[in-house]
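Proteins get letters first, then strands, A, B, ... in listed order; numbering begins at 1 in each.
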Protein chains: 2
Amino acid sequence: MLRGDITVAIRNAVMSELAEVGYGRLSIEAVARRAGVGKTAIYRRWSNKLEMVMEIISDVAERKVPLPDTGSFSGDLQLLLMIVSTALQHRIASQIIPDLMAEAARNPQIAETLQRALRTHQQAVGEKLIGQAVTRGELPEGTDPEVAVDMILGPLYWRLAVARQPIGEDYLEKFTVAVTAALRATG
Amino acid sequence: MLRGDITVAIRNAVMSELAEVGYGRLSIEAVARRAGVGKTAIYRRWSNKLEMVMEIISDVAERKVPLPDTGSFSGDLQLLLMIVSTALQHRIASQIIPDLMAEAARNPQIAETLQRALRTHQQAVGEKLIGQAVTRGELPEGTDPEVAVDMILGPLYWRLAVARQPIGEDYLEKFTVAVTAALRATG
DNA sequence: AAACGGCGGAACGCAACCGTTACGTCGTAG
DNA sequence: CTACGACGTAACGGTTGCGTTCCGCCGTTT
């Protein structure tokens with residue numbers, strides 16, 4: 001019954017609005033204005049701001065990232081880093097993600113949703129990437145996937161989303177070498 | 001002329017309010033209410049919310065962190081990790097920092113202030129910690145301090161401020177080993 | 001003793017947004 | 001052709017916050 005094109009317009013408006021003003025200042029009226037839509041169309045779909053944002057976000061957040069199998073750990077790793085760094089440099093994403101992370105610190109429902117998405121991705125990376133490398137003999141048996149994921153995603157997130165410094169030509173390469181050495185050492 | 005105790009009360013209220021509702025939703029009225037103070041007392045000191053928050057935050061943000069010299073790189077590193085992880089687990093800090101980071105993505109003035117503070121600390125860590133280690137011969141000459149700082153602070157920030165997972169007993173130790181190996185490899 | 005000035009409190013007009021309702025339009029399904 | 005229902009528009013009363021102003025209180029300075 002609900003018109004699909006309207007729903008799409010609202011979803012887009014929410015994402016843009018989220019990027020521009022953040023969750024804290026996001027207002028239903030602004031979303032409606034931006035989507036070129038009546039408030040009624042929004043309230044017909046969701047009963048309040050939190051519910052609306054959560055539904056829209058979790059859709060996006062739980063999309064699976066295709067994980068690489070290039071045949072070697074350093075290849076896999078570099079490809080993953082490329083994918084993640086591209087995502088983190090995306091205009092909308094780079095605004096929304098830190099904002100929701102901060103909001104999660106005070107809203108349990110947001111926290112739960114983000115944690116779920118994050119955990120899913122972390123596990124996928126851990127099992128696939130690290131698992132593959134261990135089977136291949138490129139990483140020691142006891143490699144802790146938790147530490148590994150921290151070592152891989154942490155620095156990248158720090159640099160792109162926190163320090164907001166650009167990534168140079170050779171950065172990912174240097175970084176791949178460093179991470180590989182780090183993981184070999186923890187075995 | 002302005003009473004000092006009132007100023008202190010306001011500063012504390014701003015920090016608490018910032019932690020509880022974030023910059024986006026922080027209101028002067030709420031700060032005044034919380035500080036047990038009239039709005040006039042606030043407007044007598046700062047002319048608006050941004051100016052108030054910036055002045056209060058930069059005070060805190062630019063406090064220098066005493067950097068360790070334990071005699072060995074792994075000792076220095078582990079001590080630094082202890083200090084940082086303690087700070088990042090502090091109730092107020094762990095709420096305010098990600099929040100302001102997110103806000104910085106859309107407010108140039110906040111961005112500039114935080115970047116300045118961050119850069120100061122990063123350089124201090126880079127020069128002192130890495131510099132010491134290189135002089136001692138524990139790290140290769142060409143060690144890139146930028147990459148190094150990313151590798152050190154990134155995973156910790158990721159785990160504590162983003163993923164919000166607790167740090168286990170042996171985590172810092174494991175992590176120290178990993179980082180050391182990583183940095184030796186990039187030389 | 002008098003003047004000064006920071007203080008809390010209260011109220012101002014204005015703006016934004018909340019969530020809800022009533023209304024008239026329009027496309028579609030029956 | 002008719003009935004239905006989603007749509008946009010507009011308005012509702014209520015809340016919150018802005019930045020400003022005026023008041024009376026009270027401690028300090030002179």
Side-chain angles (χ1 to χ4, degrees), chain A residues 1-57 59 95-96 99-100 102-103 106-110, chain B residues 1-57 59 95-96 99-100 102-104 106-110 113:
Chain A
M1 312 191 172
L2 299 173
R3 271 173 53 186
D5 55 333
I6 302 278
T7 307
V8 169
I10 297 175
R11 297 180 106 87
N12 292 338
V14 167
M15 295 299 279
S16 305
E17 209 58 25
L18 220 41
E20 271 182 30
V21 305
Y23 179 84
R25 274 205 267 260
L26 180 137
S27 78
I28 303 275
E29 309 227 351
V31 170
R33 226 176 296 135
R34 179 169 212 135
V37 142
K39 280 201 290 179
T40 39
I42 296 180
Y43 281 109
R44 210 170 284 124
R45 288 168 172 76
W46 303 280
S47 64
N48 54 53
K49 163 172 145 180
L50 177 60
E51 195 184 298
M52 174 182 72
V53 172
M54 295 314 295
E55 205 246 53
I56 294 177
I57 286 300
D59 254 32
Q95 306 252 78
I96 292 185
D99 182 81
L100 288 180
E103 199 60 33
R106 55 184 88 91
N107 188 319
Q109 203 168 335
I110 295 186
Chain B
M1 315 188 172
L2 300 173
R3 271 173 54 186
D5 55 333
I6 302 278
T7 305
V8 169
I10 297 176
R11 296 181 106 87
N12 291 340
V14 167
M15 295 299 279
S16 305
E17 209 59 24
L18 221 39
E20 271 183 29
V21 304
Y23 179 83
R25 271 205 269 261
L26 179 136
S27 76
I28 303 275
E29 309 229 348
V31 171
R33 226 176 294 137
R34 180 169 212 137
V37 140
K39 278 202 291 178
T40 40
I42 296 181
Y43 280 108
R44 211 170 283 123
R45 288 167 173 77
W46 303 278
S47 63
N48 54 51
K49 164 172 144 181
L50 178 60
E51 193 184 299
M52 173 182 72
V53 172
M54 294 315 295
E55 205 246 52
I56 294 177
I57 286 299
D59 254 32
Q95 305 251 78
I96 291 184
D99 182 81
L100 288 181
E103 199 61 32
R106 53 184 91 91
N107 188 320
Q109 203 169 336
I110 296 185
T113 302

Salt-bridge test for A:Glu103 and B:Arg25: reply yes if a basic N is under 4.0 Å from a carboxylate O, no otherwise. yes
Run the salt bridge (charged side-chain N to carboxylate O under 4.0 Å, His left out) test against A:Lys39 and tell me which residues pass, sequence neighbours left out. A:Glu29
B:Glu55/B:Arg11 salt bridge by N-O under 4.0 Å criterion: yes
Figure out the CZ/P separation between B:Arg3 and D:dG27, and round it to whole Å. 10 Å
Does the A:Asp99 side chain pair with the main chain of A:Tyr23, one donor and one acceptor, at a distance under 3.5 Å? yes
What I'd like to find out is whether the side chain of B:Leu50 reaches to under 4.5 Å of the side chain of B:Asn107, using heavy atoms alone. yes
Hey, could you give me the CE/CD1 distance between A:Met15 and A:Ile96, rounded to the nearest 0.5 Å? 4.0 Å
Nucleic acid contacts - residues 9-35 of chain B versus DNA chain C, non-hydrogen atoms under 4.0 Å: none
Using whole Å, report how far CE of B:Met52 lies from C1' of D:dG19. 13 Å
Using whole Å, what does the distance between atom P of nucleotide D:dT16 and atom NZ of B:Lys49 come to? 16 Å
Set of residues satisfying side-chain contact (heavy atoms from CB on, under 4.5 Å) with respect to B:Glu20, sequence neighbours excluded: B:Arg34
Heavy-atom side-chain contact between B:Ile57 and B:Leu18 under 4.5 Å: yes
Residues of residues 39-48 of chain A with any non-hydrogen atom less than 4.0 angstrom from an atom of DNA chain C: list those, numerically ordered, please. A:Lys39, A:Thr40, A:Tyr43
With 3.5 Å as the limit, what N/O pairs link the protein to nucleotides 25-29 of chain C?
none

Contacts of B:Arg3 that satisfy salt bridge (charged side-chain N to carboxylate O under 4.0 Å, His left out) - sequence neighbours left out: B:Asp5
Residue among B:Thr7, B:Val31, B:Ile6 satisfying side chain to side chain contact (heavy atoms under 4.5 Å, CB included) with B:Val37: B:Ile6
